[in-house]
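In what follows, every heavy atom counts, from backbone to side chain, and hydrogens, waters and symmetry copies are set aside. Since this is a predicted model, take the numbers as computed values, not measurements.
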Amino acid sequence: PLFRSDSWPCDPDNTVIAHFPDRNEICSYGSGYGGNSLLGKKCLALRIASTLAYKEGWLAEHMLILGVTNPQGEKKYFAAAFPSACGKTNLAMMRPTLPGWTVECVGDDIAWMRIDSSGVLRAINPESGFFGVAPGTSKWTNPYCMNSIRKNTIFTNVASTSENGKTGIFWEGLEDEVDIENENIRIASWDGKRWDTTSDFVAAHKNSRFCTPASQLEIIDPAWEDPEGVPISAILFGGRRPTTVPLVYEALDWNHGVFVGASMRSMATAASIEGTMTTRPVHDPFAMKPFFGYSFGNYLRHWLGMQDRPGVKLPKIFHVNWFRTEKRRAPHAEEMKEVFLWPGFGENSRVLEWIFK
């Protein structure tokens, strides 16, 4: 039925998500959020894996992995750590606006990285699919992603539509695909309420998600399942910073790069607990604050110690910020409005070009 009275099998007053690194065990109860209930994702692939990585000398990180190829056919791989809902999936699946440049996706969320026998940092994506934020995803922001979720996909906490017996889905950002002004289309919000354009609540939960196989992505990198991993030439840190932080800068050396990652801050989003608590930037070191499986002090020592490996050839480190804003007044408008200074999305290929060179 379109308007359901039942709810997810959650017990929010008694939610427990516990990890036991000494036994490599996870206990999760009462949470319907995929990051907590799909235990192979954040719980295993980051929290438990980060403790294993610390013990065994590798890294388990909240990072996307993408391959960038220039017009001359030279290819380099980058890893990037952004907090959840800060554009990892859009960057990993970018359609570059620069002529002749291509981007291929190895993974959009988690990277396991080790130093190989030649001293090169190599990364694999331990996941077999994508678990992306739905609101804001559209043909304009991420056309490759939209093509990949048209089959074999699970949607959670999105709105549902009904027209002449046919059902569908909707979230904020799909206005060009779903005629929400059509009186024949009935829309139920994520929690079962009748929704239309005059409603004072959102149709899809701000942290609603899609879960789809990576193999369906048309720009999946040929080496995405290579057990040897791909060689990482650059590591990017970033987040939502409306002021102060520039579009891109390069760390002076590995120590400085670790400092850049450790001092990361970002505006809170719906994917974080702070998203309903503050409108100020919050600290999120390495985009790993929700996912550290052991002491942050030991985590920093582990990162700093990578440069002491014999013959190591570590990648350069950069910081990016697509979200700088300023207040502007539109023509004939009375009120000032916050607008982004950088167009983002495919134009971010210009930043990748600078890092590539």
Side-chain angles (χ1 to χ4, degrees), residues 45-46 49-50 52-54 56-70 73-82 86-89 91-94 96 101-127 214 219-238 248-262 264 285-288 291 299-300 302-320 348-349 351-357:
L46 282 180
S50 66
L52 293 174
Y54 176 63
E56 298 172 4
W58 48 285
L59 298 168
E61 301 297 326
H62 187 207
M63 292 182 176
L64 66 89
I65 313 166
L66 78 166
V68 183
T69 305
N70 69 9
E74 182 184 3
K75 186 171 188 177
K76 295 181 181 180
Y77 288 94
F78 302 160
F82 306 154
C86 285
K88 286 196 305 298
T89 300
L91 182 62
M93 303 179 191
M94 178 199 296
W101 289 77
T102 61
V103 165
E104 292 172 299
C105 175
V106 177
D108 78 326
D109 194 45
I110 298 175
W112 289 356
M113 302 189 289
R114 65 175 178 87
I115 296 172
D116 68 12
S117 58
S118 300
V120 175
L121 186 67
R122 304 185 75 92
I124 66 166
N125 168 20
E127 302 185 279
I219 59 162
I220 196 71
D221 193 273
W224 84 281
E225 291 185 297
D226 187 339
E228 294 300 314
V230 296
I232 300 300
S233 298
I235 294 174
L236 286 58
F237 294 115
V248 59
Y249 65 88
E250 180 183 349
L252 301 175
D253 53 29
W254 185 257
N255 283 342
H256 183 220
V258 173
F259 172 80
V260 169
M264 276 178 56
F286 294 84
M288 279 284 287
F291 312 121
Y299 177 92
L300 281 179
H302 188 47
W303 264 78
L304 290 169
M306 290 291 162
Q307 64 189 321
D308 299 327
R309 305 286 182 88
V312 70
K313 307 178 184 87
L314 291 172
K316 292 185 176 182
I317 296 177
F318 300 81
H319 190 284
V320 299
N348 292 340
S349 57
V351 177
L352 296 186
E353 177 195 27
W354 186 80
I355 293 172
F356 190 101
K357 294 180 176 180

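Here OH of Y77 is found 6.5 Å from CD of E104. Values are rounded to the nearest 0.5 Å. In this structure, the separation between CE on M63 and CG on L46 is 10.5 Å, given to the nearest 0.5 Å. Taking CZ of F78 as the start and CD1 of I235 as the end, the distance is 11.5 Å to the nearest 0.5 Å. One finds the CZ atom of R122 at 5.5 Å from the CG atom of D116 (value rounded to the nearest 0.5 Å). Atom-to-atom distance recorded for C105:SG and D221:CG is 8.0 Å, nearest 0.5 angstrom. To the nearest 0.5 Å, atoms CD1 (I219) and OG1 (T102) are separated by 9.0 Å.
Scanning for salt bridge (Lys or Arg N to Asp or Glu O under 4.0 Å) contacts around K316 gives E250, with sequence neighbours left out. Residues forming a salt bridge (Lys or Arg N to Asp or Glu O under 4.0 Å) with D109 (at least two apart in sequence, or on another chain): K41, K42, K88. Taking A60 as the reference, A49, S50, A53, W58, W112 meet the side-chain contact (heavy atoms from CB on, under 4.5 Å) condition, with sequence neighbours excluded. Qualifying salt bridge (Lys or Arg N to Asp or Glu O under 4.0 Å) partners for R114, counting only residues two or more places apart in sequence or in other chains: E228. E225 meets the salt bridge (Lys or Arg N to Asp or Glu O under 4.0 Å) test with no other residue; sequence neighbours excluded. The side-chain hydrogen bond (donor to acceptor under 3.5 Å, both in side chains) check on Y299 picks up E61, W303, with sequence neighbours excluded.
Contact detail for A92 and V103: the closest heavy-atom pair is O-CG1, 3.9 Å. Considering all non-hydrogen atoms of both residues, A287 and A81 come closest at CB-C, 4.0 Å. For the residue pair L121 and I115, the shortest heavy atom distance occurs at CD1-CG1, 4.0 Å. Of all the heavy atoms in N255 and Q307, the pair that sits closest is OD1-NE2, 2.6 Å. For the pair V260 and F237, the tightest heavy-atom approach, listed with the atom from each and the gap, is CG1-CD1, 4.2 Å. Residue A45 comes nearest to P126 through the heavy atom pair CB-CG, 4.4 Å, listed as atom of the first residue, atom of the second, then distance.
Looking at V320 and L91, their side chains never come closer than 4.5 Å, going by heavy atoms from C-beta outward. P96 is not listed as a side-chain neighbour of E353, based on a closest heavy-atom distance of 4.5 Å or more. Between P285 and M264 there is no side-chain heavy-atom pair separated by less than 4.5 Å. Using a 4.5 Å heavy-atom cutoff, the side chains of F356 and E74 are in contact. A 4.5 Å side-chain heavy-atom check between I124 and D226 finds every atom pair outside the cut-off. Using a 4.5 Å cut-off on side-chain heavy atoms (C-beta onward), L352 and L66 make contact. Proximity of V230 to K75: side-chain heavy atoms (C-beta onward) are nowhere separated by under 4.5 Å. The shortest distance between side-chain heavy atoms of L59 and M306 falls below 4.5 Å.
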Begin from the C-alpha positions of W101 and N70 and carry the test side chain to side chain contact (heavy atoms under 4.5 Å, CB included) through to its verdict. CA-CA 5 Å; W101 289 77; N70 69 9; 3.5 Å; yes

Given V258 and W254, is the side chain to side chain contact (heavy atoms under 4.5 Å, CB included) satisfied, shown in steps? CA-CA 6 Å; V258 173; W254 185 257; 3.7 Å; yes

Stepwise side chain to side chain contact (heavy atoms under 4.5 Å, CB included) check, W354 with F318: CA-CA 11 Å; W354 186 80; F318 300 81; 3.8 Å; yes

Begin from the C-alpha positions of M113 and I65 and carry the test side chain to side chain contact (heavy atoms under 4.5 Å, CB included) through to its verdict. CA-CA 11 Å; M113 302 189 289; I65 313 166; over 6 Å; no

